[in-house]
2 protein chains.
Amino acid sequence: MTDREDLTARMLAAGRELSTAAVMFHTALAARQGLSATEEKALDLLDRLGPLTARQLAAHASLAPASVTGLVDRLERKGFARRVPNPADKRSVLVETVPDRLTGLAPLFDHYVASLTELVTRYNDIELAAIVDFLTEAAARQRDATRLLKDDGETFAPDSR
Amino acid sequence: MTDREDLTARMLAAGRELSTAAVMFHTALAARQGLSATEEKALDLLDRLGPLTARQLAAHASLAPASVTGLVDRLERKGFARRVPNPADKRSVLVETVPDRLTGLAPLFDHYVASLTELVTRYNDIELAAIVDFLTEAAARQRDATRLLKDDGETFAPDSR
DNA sequence: ATGTTTCGTTCGACCGAACGAAATAATTGG
DNA sequence: CCAATTATTTCGTTCGGTCGAACGAAACAT
(Lines give C-alpha, C1' and ligand atoms only; values in the text may rest on other atoms or scores of the structure.)
Protein backbone atom coordinates (compact mmCIF):
# COMPACT_ATOMS: atom_id res chain seq x y z
CA MET A 1 0.00 0.00 0.00
CA THR A 2 1.36 3.36 -0.98
CA ASP A 3 1.54 6.26 1.41
CA ARG A 4 -1.20 7.92 -0.56
CA GLU A 5 -3.53 4.96 -0.27
CA ASP A 6 -2.78 4.80 3.40
CA LEU A 7 -3.66 8.46 3.84
CA THR A 8 -6.90 7.98 1.96
CA ALA A 9 -7.85 4.97 4.05
CA ARG A 10 -7.17 6.94 7.21
CA MET A 11 -9.31 9.77 5.89
CA LEU A 12 -12.22 7.36 5.48
CA ALA A 13 -11.73 5.88 8.93
CA ALA A 14 -11.45 9.27 10.59
CA GLY A 15 -14.52 10.44 8.71
CA ARG A 16 -16.52 7.54 10.07
CA GLU A 17 -15.35 8.32 13.56
CA LEU A 18 -16.38 11.93 13.25
CA SER A 19 -19.69 10.89 11.79
CA THR A 20 -20.59 8.61 14.68
CA ALA A 21 -19.34 11.21 17.13
CA ALA A 22 -21.68 13.74 15.57
CA VAL A 23 -24.62 11.36 15.77
CA MET A 24 -23.94 10.57 19.39
CA PHE A 25 -23.57 14.24 20.20
CA HIS A 26 -26.91 15.08 18.68
CA THR A 27 -28.53 12.16 20.43
CA ALA A 28 -27.15 13.25 23.78
CA LEU A 29 -28.21 16.81 23.09
CA ALA A 30 -31.78 15.76 22.41
CA ALA A 31 -31.87 13.50 25.46
CA ARG A 32 -30.53 16.29 27.58
CA GLN A 33 -33.38 18.53 26.52
CA GLY A 34 -35.97 15.81 26.90
CA LEU A 35 -36.79 15.81 23.21
CA SER A 36 -37.87 12.90 21.06
CA ALA A 37 -36.54 12.46 17.54
CA THR A 38 -39.74 13.85 16.08
CA GLU A 39 -39.66 16.86 18.32
CA GLU A 40 -36.07 17.64 17.49
CA LYS A 41 -36.76 17.27 13.80
CA ALA A 42 -39.66 19.68 14.09
CA LEU A 43 -37.53 22.25 15.88
CA ASP A 44 -34.88 21.89 13.21
CA LEU A 45 -37.46 22.48 10.50
CA LEU A 46 -38.77 25.55 12.28
CA ASP A 47 -35.25 26.91 12.72
CA ARG A 48 -34.33 26.35 9.11
CA LEU A 49 -37.57 27.40 7.44
CA GLY A 50 -38.81 30.01 9.86
CA PRO A 51 -42.28 30.05 11.47
CA LEU A 52 -44.64 27.59 9.81
CA THR A 53 -48.33 26.95 10.03
CA ALA A 54 -49.39 23.67 11.56
CA ARG A 55 -50.28 22.39 8.14
CA GLN A 56 -46.92 23.30 6.64
CA LEU A 57 -45.14 21.69 9.55
CA ALA A 58 -47.22 18.58 9.07
CA ALA A 59 -46.21 18.41 5.42
CA HIS A 60 -42.50 18.89 6.09
CA ALA A 61 -42.44 16.40 8.93
CA SER A 62 -44.63 13.87 7.13
CA LEU A 63 -47.20 13.86 9.89
CA ALA A 64 -50.98 13.95 9.98
CA PRO A 65 -52.50 17.28 11.04
CA ALA A 66 -53.85 15.73 14.21
CA SER A 67 -50.37 14.57 15.13
CA VAL A 68 -48.97 18.07 14.77
CA THR A 69 -51.41 19.39 17.34
CA GLY A 70 -50.00 16.97 19.89
CA LEU A 71 -46.45 17.61 18.78
CA VAL A 72 -46.76 21.37 19.16
CA ASP A 73 -48.53 20.90 22.49
CA ARG A 74 -45.52 18.98 23.74
CA LEU A 75 -43.04 21.51 22.39
CA GLU A 76 -44.96 24.33 24.03
CA ARG A 77 -45.20 22.50 27.34
CA LYS A 78 -41.45 21.97 27.26
CA GLY A 79 -40.83 25.58 26.36
CA PHE A 80 -39.15 25.08 22.99
CA ALA A 81 -41.80 26.53 20.69
CA ARG A 82 -44.97 28.54 20.79
CA ARG A 83 -48.09 29.23 18.77
CA VAL A 84 -48.62 32.74 17.54
CA PRO A 85 -51.68 34.02 15.69
CA ASN A 86 -51.32 34.24 11.96
CA PRO A 87 -52.23 37.79 10.96
CA ALA A 88 -52.92 36.69 7.41
CA ASP A 89 -55.42 33.97 8.29
CA LYS A 90 -57.20 33.68 11.59
CA ARG A 91 -57.97 30.01 11.11
CA SER A 92 -54.35 29.02 11.03
CA VAL A 93 -51.65 29.07 13.64
CA LEU A 94 -48.01 29.94 13.20
CA VAL A 95 -45.55 27.83 15.13
CA GLU A 96 -42.16 29.29 15.94
CA THR A 97 -39.22 28.29 18.09
CA VAL A 98 -38.54 30.13 21.29
CA PRO A 99 -35.50 32.29 20.53
CA ASP A 100 -33.28 31.37 23.45
CA ARG A 101 -34.01 27.72 23.77
CA LEU A 102 -30.32 26.83 23.86
CA THR A 103 -29.12 29.37 26.40
CA GLY A 104 -28.51 26.77 29.06
CA LEU A 105 -26.21 24.91 26.75
CA ALA A 106 -24.22 27.91 25.59
CA PRO A 107 -21.20 27.21 27.83
CA LEU A 108 -20.90 23.75 26.36
CA PHE A 109 -21.03 25.03 22.81
CA ASP A 110 -18.58 27.77 23.59
CA HIS A 111 -16.17 25.25 25.01
CA TYR A 112 -16.43 23.05 21.97
CA VAL A 113 -16.01 25.97 19.57
CA ALA A 114 -13.00 27.18 21.53
CA SER A 115 -11.53 23.70 21.38
CA LEU A 116 -11.86 23.58 17.60
CA THR A 117 -10.51 27.08 17.23
CA GLU A 118 -7.48 26.09 19.23
CA LEU A 119 -7.09 22.93 17.18
CA VAL A 120 -6.76 24.72 13.86
CA THR A 121 -3.84 26.82 15.08
CA ARG A 122 -1.88 23.70 14.18
CA TYR A 123 -2.35 24.29 10.50
CA ASN A 124 -1.09 26.96 8.17
CA ASP A 125 -3.43 28.85 5.87
CA ILE A 126 -2.98 26.45 3.00
CA GLU A 127 -3.81 23.44 5.15
CA LEU A 128 -6.75 25.12 6.82
CA ALA A 129 -8.19 26.12 3.47
CA ALA A 130 -7.94 22.49 2.39
CA ILE A 131 -9.76 21.42 5.57
CA VAL A 132 -12.58 23.89 4.99
CA ASP A 133 -12.88 22.79 1.39
CA PHE A 134 -12.97 19.15 2.38
CA LEU A 135 -15.62 19.66 5.06
CA THR A 136 -17.81 21.59 2.67
CA GLU A 137 -17.50 19.06 -0.13
CA ALA A 138 -17.91 16.06 2.14
CA ALA A 139 -21.13 17.55 3.51
CA ALA A 140 -22.48 18.04 0.00
CA ARG A 141 -21.63 14.49 -0.96
CA GLN A 142 -23.17 13.07 2.17
CA ARG A 143 -26.35 15.00 1.46
CA ASP A 144 -26.34 13.42 -1.99
CA ALA A 145 -26.01 9.99 -0.43
CA THR A 146 -28.90 10.76 1.92
CA ARG A 147 -31.07 11.80 -0.97
CA LEU A 148 -30.28 8.62 -2.85
CA LEU A 149 -31.15 6.64 0.24
CA LYS A 150 -34.53 8.31 0.52
CA ASP A 151 -35.57 8.52 -3.12
CA ASP A 152 -34.60 4.96 -3.70
CA GLY A 153 -36.73 3.80 -0.80
CA GLU A 154 -39.73 6.08 -1.12
CA THR A 155 -40.67 5.61 -4.72
CA PHE A 156 -44.14 4.80 -3.48
CA ALA A 157 -44.28 6.91 -0.29
CA PRO A 158 -44.62 10.54 -1.32
CA ASP A 159 -43.24 13.03 1.15
CA SER A 160 -44.74 15.87 -0.83
CA ARG A 161 -42.85 18.75 0.82
CA MET B 1 -11.82 40.38 10.15
CA THR B 2 -8.51 38.87 9.18
CA ASP B 3 -8.21 36.14 6.59
CA ARG B 4 -7.33 33.76 9.36
CA GLU B 5 -10.43 34.56 11.36
CA ASP B 6 -12.48 34.19 8.24
CA LEU B 7 -11.00 30.77 7.56
CA THR B 8 -11.70 29.67 11.11
CA ALA B 9 -15.29 30.88 10.94
CA ARG B 10 -15.77 28.98 7.70
CA MET B 11 -14.31 25.87 9.32
CA LEU B 12 -16.94 26.08 12.07
CA ALA B 13 -19.76 26.64 9.61
CA ALA B 14 -18.65 23.80 7.37
CA GLY B 15 -18.27 21.55 10.39
CA ARG B 16 -21.85 22.24 11.42
CA GLU B 17 -23.01 21.45 7.90
CA LEU B 18 -21.18 18.17 7.87
CA SER B 19 -22.50 17.35 11.30
CA THR B 20 -26.13 17.82 10.33
CA ALA B 21 -25.52 15.96 7.08
CA ALA B 22 -24.16 13.03 9.07
CA VAL B 23 -27.15 13.02 11.39
CA MET B 24 -29.59 13.12 8.51
CA PHE B 25 -27.71 10.35 6.74
CA HIS B 26 -27.89 8.10 9.76
CA THR B 27 -31.55 8.88 10.26
CA ALA B 28 -32.34 8.02 6.66
CA LEU B 29 -30.26 4.88 6.90
CA ALA B 30 -32.19 3.68 9.94
CA ALA B 31 -35.54 4.55 8.37
CA ARG B 32 -34.57 2.73 5.23
CA GLN B 33 -33.91 -0.42 7.20
CA GLY B 34 -37.04 -0.06 9.30
CA LEU B 35 -35.07 0.36 12.49
CA SER B 36 -35.98 2.43 15.54
CA ALA B 37 -33.38 4.48 17.35
CA THR B 38 -33.09 1.86 20.08
CA GLU B 39 -32.66 -0.92 17.58
CA GLU B 40 -29.97 0.91 15.71
CA LYS B 41 -28.16 1.73 18.91
CA ALA B 42 -28.23 -1.93 19.91
CA LEU B 43 -26.82 -3.01 16.56
CA ASP B 44 -24.08 -0.43 16.89
CA LEU B 45 -23.21 -1.74 20.35
CA LEU B 46 -23.09 -5.30 19.05
CA ASP B 47 -20.89 -4.26 16.15
CA ARG B 48 -18.49 -2.35 18.32
CA LEU B 49 -18.31 -4.68 21.31
CA GLY B 50 -18.83 -8.00 19.62
CA PRO B 51 -21.45 -10.57 20.65
CA LEU B 52 -22.99 -9.74 24.02
CA THR B 53 -25.24 -11.61 26.39
CA ALA B 54 -28.71 -10.21 26.82
CA ARG B 55 -27.72 -8.91 30.21
CA GLN B 56 -24.63 -7.13 28.91
CA LEU B 57 -26.66 -5.60 26.11
CA ALA B 58 -29.21 -4.43 28.64
CA ALA B 59 -26.50 -2.74 30.67
CA HIS B 60 -24.91 -1.00 27.70
CA ALA B 61 -28.21 0.14 26.27
CA SER B 62 -29.62 1.18 29.66
CA LEU B 63 -32.62 -1.09 29.28
CA ALA B 64 -34.43 -3.50 31.58
CA PRO B 65 -33.85 -7.19 30.87
CA ALA B 66 -37.45 -7.63 29.85
CA SER B 67 -37.05 -4.86 27.28
CA VAL B 68 -34.02 -6.56 25.77
CA THR B 69 -36.03 -9.70 25.13
CA GLY B 70 -38.45 -7.71 23.03
CA LEU B 71 -35.69 -5.73 21.39
CA VAL B 72 -33.80 -8.84 20.30
CA ASP B 73 -37.05 -10.43 19.16
CA ARG B 74 -37.60 -7.47 16.85
CA LEU B 75 -34.02 -7.52 15.58
CA GLU B 76 -34.26 -11.23 14.84
CA ARG B 77 -37.61 -10.85 13.10
CA LYS B 78 -36.12 -8.14 10.91
CA GLY B 79 -33.07 -10.24 10.21
CA PHE B 80 -30.42 -7.97 11.70
CA ALA B 81 -29.31 -10.05 14.65
CA ARG B 82 -29.62 -13.53 16.07
CA ARG B 83 -29.36 -15.44 19.29
CA VAL B 84 -26.70 -18.09 19.56
CA PRO B 85 -26.18 -20.44 22.48
CA ASN B 86 -23.47 -19.45 24.88
CA PRO B 87 -21.11 -22.42 25.23
CA ALA B 88 -19.81 -21.09 28.53
CA ASP B 89 -23.18 -20.80 30.22
CA LYS B 90 -26.32 -22.55 29.09
CA ARG B 91 -28.56 -20.12 30.90
CA SER B 92 -27.38 -17.14 28.94
CA VAL B 93 -27.79 -16.21 25.31
CA LEU B 94 -25.31 -14.48 23.07
CA VAL B 95 -26.68 -11.89 20.70
CA GLU B 96 -24.74 -11.11 17.55
CA THR B 97 -25.35 -9.12 14.41
CA VAL B 98 -25.97 -10.93 11.18
CA PRO B 99 -22.74 -10.52 9.21
CA ASP B 100 -24.15 -9.22 5.95
CA ARG B 101 -26.92 -7.03 7.20
CA LEU B 102 -25.76 -4.14 5.02
CA THR B 103 -25.28 -5.97 1.75
CA GLY B 104 -28.26 -4.33 0.12
CA LEU B 105 -26.77 -0.95 0.84
CA ALA B 106 -23.27 -1.76 -0.36
CA PRO B 107 -23.65 0.04 -3.70
CA LEU B 108 -24.63 3.20 -1.91
CA PHE B 109 -21.67 3.04 0.44
CA ASP B 110 -19.32 2.23 -2.39
CA HIS B 111 -20.55 5.23 -4.29
CA TYR B 112 -20.06 7.51 -1.32
CA VAL B 113 -16.59 6.13 -0.58
CA ALA B 114 -15.62 6.52 -4.21
CA SER B 115 -16.87 10.08 -4.15
CA LEU B 116 -14.72 10.92 -1.14
CA THR B 117 -11.73 9.15 -2.61
CA GLU B 118 -12.09 11.20 -5.73
CA LEU B 119 -12.48 14.35 -3.67
CA VAL B 120 -9.15 14.03 -1.92
CA THR B 121 -7.24 13.85 -5.18
CA ARG B 122 -7.55 17.63 -4.99
CA TYR B 123 -5.11 17.81 -2.13
CA ASN B 124 -1.42 17.11 -1.90
CA ASP B 125 0.00 14.85 0.78
CA ILE B 126 0.61 17.68 3.22
CA GLU B 127 -2.93 18.94 2.93
CA LEU B 128 -4.45 15.48 3.13
CA ALA B 129 -2.45 14.70 6.25
CA ALA B 130 -3.82 17.87 7.81
CA ILE B 131 -7.36 16.82 6.91
CA VAL B 132 -6.91 13.40 8.48
CA ASP B 133 -5.46 14.96 11.59
CA PHE B 134 -8.29 17.44 11.83
CA LEU B 135 -10.99 14.80 11.42
CA THR B 136 -9.40 12.63 14.08
CA GLU B 137 -8.99 15.45 16.56
CA ALA B 138 -12.42 16.93 15.93
CA ALA B 139 -13.99 13.53 16.58
CA ALA B 140 -12.14 13.24 19.87
CA ARG B 141 -13.24 16.69 20.93
CA GLN B 142 -16.83 16.06 19.98
CA ARG B 143 -16.78 12.88 22.03
CA ASP B 144 -15.54 14.97 24.94
CA ALA B 145 -18.41 17.38 24.45
CA THR B 146 -20.85 14.47 24.37
CA ARG B 147 -19.46 13.13 27.62
CA LEU B 148 -19.80 16.52 29.28
CA LEU B 149 -23.37 16.71 28.07
CA LYS B 150 -24.20 13.35 29.60
CA ASP B 151 -22.30 13.57 32.88
CA ASP B 152 -23.53 17.05 33.52
CA GLY B 153 -27.10 15.99 32.99
CA GLU B 154 -27.13 12.83 35.03
CA THR B 155 -25.63 14.11 38.23
CA PHE B 156 -29.01 13.99 39.88
CA ALA B 157 -30.90 11.56 37.65
CA PRO B 158 -29.38 8.13 38.27
CA ASP B 159 -30.24 5.86 35.42
CA SER B 160 -29.82 2.75 37.53
CA ARG B 161 -31.88 0.54 35.23
C1' DA C 1 -27.33 -32.80 47.73
C1' DT C 2 -29.73 -28.74 48.31
C1' DG C 3 -30.48 -24.03 48.91
C1' DT C 4 -29.25 -19.66 46.65
C1' DT C 5 -28.13 -16.74 43.02
C1' DT C 6 -28.14 -15.55 38.14
C1' DC C 7 -29.99 -15.68 33.38
C1' DG C 8 -33.43 -14.98 30.13
C1' DT C 9 -38.31 -15.16 29.08
C1' DT C 10 -43.33 -14.54 29.75
C1' DC C 11 -47.10 -11.96 31.41
C1' DG C 12 -49.84 -7.97 32.27
C1' DA C 13 -49.90 -3.14 32.40
C1' DC C 14 -48.77 1.45 31.16
C1' DC C 15 -47.44 5.54 28.46
C1' DG C 16 -46.18 8.32 24.52
C1' DA C 17 -47.08 9.17 19.97
C1' DA C 18 -49.27 8.43 15.88
C1' DC C 19 -53.70 8.01 13.20
C1' DG C 20 -58.78 8.80 11.09
C1' DA C 21 -63.07 10.85 11.66
C1' DA C 22 -65.93 14.32 13.38
C1' DA C 23 -66.31 18.97 15.24
C1' DT C 24 -65.26 23.91 15.22
C1' DA C 25 -63.80 28.26 13.32
C1' DA C 26 -62.59 31.31 9.62
C1' DT C 27 -62.00 32.31 4.69
C1' DT C 28 -63.37 32.43 -0.03
C1' DG C 29 -66.31 32.57 -4.05
C1' DG C 30 -70.38 32.93 -6.38
C1' DC D 1 -74.98 36.26 2.33
C1' DC D 2 -74.74 31.56 2.07
C1' DA D 3 -72.35 27.38 0.56
C1' DA D 4 -68.17 25.19 -0.08
C1' DT D 5 -63.50 25.02 1.25
C1' DT D 6 -59.63 25.21 4.34
C1' DA D 7 -57.15 25.10 9.01
C1' DT D 8 -56.85 23.31 13.31
C1' DT D 9 -58.42 20.89 17.33
C1' DT D 10 -60.91 17.20 19.83
C1' DC D 11 -62.03 12.51 20.43
C1' DG D 12 -61.38 7.76 20.53
C1' DT D 13 -58.30 4.22 19.07
C1' DT D 14 -54.27 1.69 17.98
C1' DC D 15 -49.58 0.41 18.10
C1' DG D 16 -44.85 0.03 19.61
C1' DG D 17 -41.77 0.05 23.34
C1' DT D 18 -40.76 -0.09 28.02
C1' DC D 19 -41.32 -1.70 32.65
C1' DG D 20 -41.91 -4.74 37.16
C1' DA D 21 -42.97 -9.05 38.91
C1' DA D 22 -43.11 -13.85 38.67
C1' DC D 23 -41.17 -18.09 36.62
C1' DG D 24 -38.23 -22.10 35.00
C1' DA D 25 -33.61 -23.52 34.00
C1' DA D 26 -28.90 -23.56 34.88
C1' DA D 27 -24.82 -22.53 37.76
C1' DC D 28 -22.70 -21.96 42.11
C1' DA D 29 -21.63 -22.66 46.94
C1' DT D 30 -21.39 -25.00 51.04
Side-chain angles (χ1 to χ4, degrees), chain A residues 27 30-31 33-46 49-96 154 157-161, chain B residues 27 30-31 33-46 49 51-96 157-161:
Chain A
T27 303
Q33 300 177 289
L35 291 174
S36 74
T38 307
E39 288 157 5
E40 212 200 344
K41 182 179 178 183
L43 288 176
D44 182 56
L45 287 169
L46 293 172
L49 306 177
L52 299 175
T53 68
R55 199 150 199 88
Q56 290 169 329
L57 182 54
H60 287 299
S62 296
L63 288 174
S67 308
V68 171
T69 299
L71 168 61
V72 177
D73 285 348
R74 295 193 300 271
L75 289 176
E76 280 196 323
R77 202 179 323 124
K78 293 173 185 172
F80 294 111
R82 64 180 164 216
R83 291 174 167 91
V84 299
N86 183 355
D89 186 340
K90 286 179 186 165
R91 292 171 301 179
S92 79
V93 175
L94 285 176
V95 184
E96 65 180 21
E154 286 176 358
D159 204 359
S160 79
R161 316 186 178 178
Chain B
T27 303
Q33 299 178 289
L35 291 174
S36 73
T38 308
E39 288 158 5
E40 212 201 344
K41 181 179 178 182
L43 288 176
D44 181 57
L45 286 169
L46 293 172
L49 306 176
L52 298 175
T53 68
R55 203 152 200 89
Q56 290 169 329
L57 181 55
H60 283 106
S62 296
L63 288 176
S67 308
V68 171
T69 298
L71 167 62
V72 177
D73 285 348
R74 277 172 280 156
L75 290 177
E76 279 197 324
R77 202 178 323 122
K78 294 173 185 173
F80 293 112
R82 64 181 163 216
R83 292 174 168 90
V84 299
N86 183 356
D89 186 340
K90 288 179 185 169
R91 289 171 304 179
S92 79
V93 174
L94 285 177
V95 184
E96 65 180 20
D159 214 355
S160 78
R161 314 183 181 180

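Computed from a prediction, not measured in an experiment: that's the story for all the values here.
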| field | Side-chain heavy-atom pair B/V72, B/V93 within 4.5 angstrom cut-off | value | no
| task | Could you tell me the separation between the NZ atom of A/K41 and the P atom of C/dA17, rounded to a whole number of Å? | result | 15 Å
| According to a strict under-4.0 Å criterion, is A/S36 in side-chain N/O contact with OP1 or OP2 of C/dG16? | no
| Euclidean distance, atom CD of residue A/E76 to atom P of D/dT8 [Å, nearest integer] | 13 Å
| said: To check you understand the geometry: which heavy-atom pair defines the closest contact between B/A54 and B/V68, and what is its length? | reply: O-CG1, 3.7 Å
| So which of A/L43, A/L46, A/L45 actually passes side chain to side chain contact (heavy atoms under 4.5 Å, CB included) with A/V95? | A/L46
| How long is the line joining CG of A/N86 and C1' of C/dA25, in whole Å? | 14 Å
| said: Between C1' on D/dT18 and CG on B/L71, what's the gap in Å once rounded to a whole number? | reply: 11 Å
| query | Quick one: A/E39 CD to C/dG16 C1', roughly how many Å, whole number? | reply | 9 Å
| note | By nearest-nucleotide position on DNA chain C, the 5'-leaning member of A/R74 and A/P87 is A/R74
| With sequence neighbours excluded, what pairs up with B/K78 under the salt bridge (Lys or Arg N to Asp or Glu O under 4.0 Å) test? | B/E39
Check nucleotides 6-14 of chain C for protein N or O atoms closer than 3.5 Å to its own N or O atoms and list the pairs.
| from | atom 1 | to | atom 2 | distance (Å) |
| --- | --- | --- | --- | --- |
| C/dT6 | O2 | B/R91 | NH1 | 2.6 |
| C/dC7 | OP2 | B/R55 | NE | 3.0 |
| C/dG8 | OP1 | B/A54 | N | 3.0 |
| C/dG8 | OP2 | B/R55 | N | 2.8 |
| C/dT9 | OP1 | B/R83 | NE | 2.6 |
| C/dT9 | OP1 | B/R83 | NH2 | 3.1 |
| C/dT9 | OP2 | B/T69 | OG1 | 3.0 |

| How far apart are the C-alpha atoms of B/L75 and B/L35, what are their side-chain angles, what is the distance that settles it, and do they pass the side-chain contact (heavy atoms from CB on, under 4.5 Å) test? | CA-CA 9 Å; B/L75 290 177; B/L35 291 174; 4.2 Å; yes
| task | Only one of B/R83, B/E96, B/Q56, B/R82 passes side chain to side chain contact (heavy atoms under 4.5 Å, CB included) with B/P51; say which it is. | result | B/E96
